[in-house]
Amino acid sequence: MFMGFGLILTIGLVAAAAYALGWRPQSAGSSFDLGNSGKSALDIAKERYARGEIDKGEFTQIRQDLGS
């Protein structure tokens, strides 16, 4: 009879411990964290271009869109 309650209690304790240690569920809109730590959009585009993630045309278009 109390087996179901024990499972729920255990899951709750594990979730509380994870939350206390700093794990936080992210909202649906921010599930991908770039970790850009305050970089401008142009700086991010420059890094992506340097890594080869975007080509010169895409970089130029981003730069024009940003007004730089």
Side-chain angles (χ1 to χ4, degrees):
M1 180 169 143
F2 291 105
M3 185 177 283
F5 179 72
L7 179 62
I8 293 172
L9 181 63
T10 303
I11 292 172
L13 289 174
V14 169
Y19 188 82
L21 292 173
W23 178 81
R24 304 287 190 274
Q26 297 178 352
S27 66
S30 65
S31 62
F32 185 72
D33 181 21
L34 294 176
N36 60 17
S37 65
K39 295 179 187 173
S40 72
L42 185 58
D43 289 337
I44 295 169
K46 287 178 184 178
E47 290 175 2
R48 291 184 63 202
Y49 180 58
R51 286 191 300 258
E53 294 177 8
I54 59 176
D55 61 22
K56 184 175 182 176
E58 290 173 309
F59 176 72
T60 303
Q61 183 64 46
I62 291 170
R63 203 173 58 197
Q64 288 174 354
D65 291 345
L66 293 173
S68 298

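Worth saying up front: this structure is predicted, and the values here are computed from it rather than measured.
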Exercise for the section: Report the distance from atom CG of L42 to atom CD of E47, rounding to the nearest 0.5 Å. Expected result: 10.5 Å
Practice task
Report the residues that fulfil side-chain hydrogen bond (donor to acceptor under 3.5 Å, both in side chains) with T60, sequence neighbours left out, ordered by chain and then residue number.
Solution key: none
Completion exercise
Applying salt bridge (Lys or Arg N to Asp or Glu O under 4.0 Å) to E58 and not counting sequence neighbours gives none
Handout entry: Spatial distance of atom CD (Q64) from atom CD1 (I62) [nearest 0.5 Å]
Key = 11.0 Å
Practice task
Locate the shortest heavy-atom distance separating A45 from I54; write the atom from each residue and the value.
Solution key: O-CD1, 3.8 Å
